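Read through the structure below, which is laid out as structure tokens, and then see the notes.
The structure presented is a predicted model; accordingly, all values stated were derived computationally and were not measured. The analysis underlying the following values was restricted to heavy atoms, covering all of them including side chains, and did not include hydrogens, waters or symmetry mates. Note that the numbering runs from 1 along the sequence shown for the chain.
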Amino acid sequence: MRFTSLVVELIRARPRLVVVIVVLCQALMWLGTAVLFYRSPPGQLATTIAFGREYQVGTDLGPPLSFWLADIAYRLAGNHLVGVYLLAMLCSAFSLWVVYLLSRTIVGGQQAVLAVLLTMTITAFGAPTLEFGPEVLARPLWALLLLHSWRILGQGRRNAWFAWSIEAGLLLLTTPAAAGLLLLIAGFAVSTAQGRRVLRSFDPLFALLVVLALALPYLIFVLRSDSVGLPALPVLAELSARAWHWLALAGGLLLAMAAVVVLVLLDAGWISRGETDAPIIYRRSVTPLARDFVYCFAIAPALAGSLISGLFGLPTMLGGTAVPLTMVGLALVVASGDLIYLRRQRLLRMVWAAAVAVPAMLVAGSAVVLPVIGDGELATSMPARDISRFFVDSFERRTNQRLQAVAGDPQLASLVALGRRRAHLFLDATPQRTPWITPARFAESGGIVVWRASDTAGTPPPELTRRFPGLVPEVPRSFDWLINGRQPLLRIGWAIVRPKGS
């Protein structure tokens with residue numbers, strides 16, 4: 001007697017419900033991880049919020065939209081990082097939902113669920129989850145752009161042009177890779193007969209006007225700024241090193257798909273020959289245009305992004321790894337044929353669940369285990385709220401004025417800038433990166449200078465002494481980590497630059 005699991009029956013009968021359940025479970029898992037094990041924001045998130053607080057049209061970090069949204073989410077949550085984590089989870093969940101909508105129009109609802117499940121295993125390792133920024137925000141915008149591009153090119157729906165133009169403009173305000181992604185879409189449209197027919201109408205012209213209107217302020221900033229752009233082309237002697245760098249970037253993308261490769265191998269017919277009654281997930285035949293569309297945007301963004309990053313020696317993928325991996329899951333489903341056999345169901349479920357859960361488990365495990373077995377630091381174990389509260393209160397008690405700016409060690413200064421007074425972040429080593437406050441204005445308004453103390457006297461580093469003459473260090477302040485373990489206490493040296501006239 002053939003046995004079909006409840007999961008397979010749900011995929012067949014209620015595909016949307018399956019997508020909602022797995023996406024919500026992943027979001028709750030990561031939110032729980034952040035609340036329990038993150039005392040400090042991951043990666044560059046604190047700097048992202050500090051830059052967003054200034055509402056600049058553009059900075060050296062790239063287009064401004066993600067920075068603005070990070071600050072808005074932080075404020076709406078009462079100056080708590082959970083608001084930014086929730087925003088990151090919403091972006092991740094919404095991008096998966098849009099992938100489902102796009103997949104459903106191409107391979108039907110049942111196989112669209114499989115595309116989402118495969119995409120989750122890829123992005124779990126290959127994309128940032130809680131570190132909100134341009135890469136996280138670009139995922140749902142790119143997925144929406146592909147959805148409406150298919151509705152225009154594949155379904156002939158002219159009413160999708162307006163949404164497409166809005167999404168294209170917002171993508172230009174989100175990631176520096178947006179121009180290249182839009183060129184890929186234009187190139188695909190020009191290369192197909194259906195796309196050329198669509199481009200002969202006036203709709204693309206109106207869409208272009210909307211895109212330019214949305215992105216014009218940032219485009220003006222780019223033209224007037226000499227800090228944004230690609231590095232110079234490499235000389236011949238560097239080509240070999242750049243080629244190896246490209247291979248490393250491409251290898252990173254392939255490594256992010258390792259779980260998918262394992263799932264495909266476990267479900268392969270030549271491994272499970274003894275299983276003859278495996279349940280089948282059926283779809284209607286995919287049109288050649290749809291097949292070309294899926295394959296193009298599963299391969300071209302990754303190939304182009306890695307080549308450009310390797311050629312110019314960029315340390316990471318241009319625009320991040322999340323966007324190039326968006327369509328890989330759907331591409332694998334399309335390549336699998338009209339009938340997909342789900343062999344060895346229990347093993348497939350276990351491997352899939354492990355692939356989705358392992359990144360969060362590694363974060364939690366490293367927060368608990370690493371401080372006990374080693375003396376290395378975890379940035380997310382710093383007590384961000386205690387640090388910001390102490391220095392903000394200390395400045396106000398000493399000067400009877402609000403803290404206006406914080407300088408010194410960029411990592412520590414960005415944490416202090418998250419305090420309730422939302423002081424300006426001043427990168428004194430590279431003041432051109434923070435044009436909203438100059439050295440002269442910092443000296444006039446006063447502020448806090450922080451650094452890592454290497455002794456009990458809190459002697460400031462020589463470079464800080466040169467940039468802030470007359471700096472008088474206070475007694476260093478020590479803070480506990482999330483788990484102290486074998487680590488020494490976090491000792492922070494600090495000094496107050498008093499406002500002029502106080």
Side-chain angles (χ1 to χ4, degrees), residues 34-51 53 71 74-75 77-84 367 371 377-429 434 437 442-443 445-461 464-465 467-468 470-485 487-499 502:
V35 171
L36 293 175
F37 299 102
Y38 279 8
R39 296 188 68 189
S40 185
Q44 298 297 315
L45 182 55
T47 303
T48 297
I49 299 173
F51 273 55
R53 175 240 190 277
D71 181 72
Y74 187 70
R75 291 176 184 272
N79 288 348
H80 199 288
L81 287 167
V82 71
V84 189
E377 294 183 359
L378 278 177
T380 53
S381 295
M382 290 184 178
R385 294 184 72 85
D386 293 342
I387 292 172
S388 60
R389 185 186 301 113
F390 172 79
F391 290 113
V392 170
D393 292 346
S394 297
F395 183 87
E396 293 181 352
R397 285 197 304 268
R398 300 288 185 90
T399 65
N400 201 30
Q401 296 188 30
R402 292 184 54 175
L403 177 62
Q404 296 294 327
V406 56
D409 182 275
Q411 183 184 24
L412 298 175
S414 61
L415 296 181
V416 177
L418 295 176
R420 57 187 174 85
R421 296 302 188 187
R422 299 303 307 281
H424 298 281
L425 175 64
F426 175 45
L427 300 178
D428 50 280
T434 51
I437 184 168
F442 183 86
S445 62
I448 289 279
V449 182
V450 292
W451 61 89
R452 292 293 189 101
S454 58
D455 54 34
T456 56
T459 306
L464 283 181
T465 305
R467 288 193 288 267
F468 299 98
L471 199 66
V472 180
E474 306 284 346
V475 177
R477 180 70 163 85
S478 296
F479 297 90
D480 289 321
W481 300 87
L482 174 66
I483 297 176
N484 285 327
Q487 301 176 97
L489 295 178
L490 175 63
R491 184 183 292 119
I492 300 178
W494 60 292
I496 292 179
V497 176
R498 292 186 171 275
S502 65

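- One N or O on the side chain of Trp481 and one on the backbone of Pro488 form a donor-acceptor pair closer than 3.5 Å.
- The two residues Ser40 and Leu81 have their closest heavy-atom pair at C-CD1, 4.5 Å.
- Arg491 has its side chain within reach of Ser478: a pair of non-hydrogen atoms, C-beta onward, lies under 4.5 Å apart.
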side-chain contact (heavy atoms from CB on, under 4.5 Å) for Gln404 and Ile437? Distances and angles first, verdict last. CA-CA 10 Å; Gln404 296 294 327; Ile437 184 168; over 6 Å; no

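- Using a 4.5 Å cut-off on side-chain heavy atoms (C-beta onward), Pro41 and Val84 make no contact.
- Residues passing the side chain to side chain donor-acceptor pair (under 3.5 Å) test with Arg385: none are found, sequence neighbours excluded.
- Note: Phe479 and Phe391 have tilted aromatic rings, judged against thresholds of 30 and 60 degrees for the angle between ring planes.
- Applying the salt bridge (charged side-chain N to carboxylate O under 4.0 Å, His left out) definition to pairs two or more places apart or across chains, those involving residues 449-458 are Glu377-Arg452.
- When each of Pro476, Pro473, Pro460, Ser394 is tested with Trp494 by the rule side chain to side chain contact (heavy atoms under 4.5 Å, CB included), just one qualifies, namely Ser394.
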Stepwise side-chain contact (heavy atoms from CB on, under 4.5 Å) check, Arg422 with Ile49: CA-CA 10 Å; Arg422 299 303 307 281; Ile49 299 173; 3.5 Å; yes

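- Taken to the nearest 0.5 Å, the CG atom of Leu418 stands 14.0 Å off from the CZ atom of Arg420.
- Between the CD atom in Gln401 and the CZ atom in Arg421 there is a gap of 12.0 Å [rounded to 0.5 Å].
- Atom CD of Gln44 sits in a sparse spot, with 12 or fewer heavy atoms from other residues, nucleotides or ligands closer than 6.0 Å.
- Shown here are the side chain to side chain donor-acceptor pair (under 3.5 Å) partners of Arg477, two or more places apart in sequence or in another chain: there are none.
- In terms of modelled atom types and a separation under 3.5 Å, the side chain of Tyr74 and the main chain of Arg53 share no donor-acceptor contact.
- You'll find the side chain of Phe51 stays beyond 4.5 Å of the side chain of Ser414, heavy atoms only.
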